Amino acid sequence: SRDISRLEMIIDVYGESVQPSYAAALEARANVNRIAAAHKEAYVRGEPGARFVGPFTDAQVQLEAAIEKLKKDIANVARDA
């Protein structure tokens, strides 16, 4: 998407100093996606989905925290540039 391309451009501009927080955000997003995919598979099999609520909520909170850290790191680098 356009937002992802823009984010990747910003990461490329600010370089190595934001790579760790970018990688953490990507991993957190992947975790959310894994849980959502597992929920979908369980749904297709007719299994109840309540067991996914807690892990998904926790993963979403972790993703939001990772994104906030990434934004803070980008802002810090931009301010120091």
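This structure is a prediction, so every number in the text was calculated from the model and none was measured. Values below: all heavy atoms of this structure, side chains included; hydrogens, waters and symmetry mates excluded. Positions are given from 1, in the same order as the sequence printed here.
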Supply the atom-to-atom distance H39 NE2 to E41 CD, rounded to the nearest 0.5 angstrom. 11.5 Å
I need the minimum non-hydrogen distance between R51 and A42, along with the two atoms involved. NH2-CB, 3.7 Å
Closest heavy-atom pair and its distance - I35, A59: CD1-CB, 3.6 Å
Heavy-atom pair with the smallest gap, counting every atom of V18 and L70: O-CD1, 4.0 Å
If I compare all heavy atoms of A25 with all of A66, which pair ends up nearest, and what's the gap? CA-CB, 3.7 Å
Joint cluster assignment, I74 & I67, ILVMFWY side-chain distance < 4.5 Å: no
Output the distance between atom CZ (R34) and atom CD (E27), rounded to the nearest 0.5 Å. 5.0 Å
To the nearest 0.5 Å, atom NZ of K69 lies from atom CG of D73 at 3.5 Å
Under 4.5 Å between side-chain heavy atoms, counting indirect links through other Ile/Leu/Val/Met/Phe/Trp/Tyr residues: same cluster for V61 and L26 or not? no
Verdict with supporting geometry, Q19 and E16, side chain to side chain contact (heavy atoms under 4.5 Å, CB included): CA-CA 5 Å; Q19 283 295 336; E16 295 298 316; 4.2 Å; yes
Determine whether L63 and F52 fall in the same hydrophobic cluster, where Ile, Leu, Val, Met, Phe, Trp and Tyr are linked whenever their side-chain heavy atoms lie under 4.5 Å apart. yes
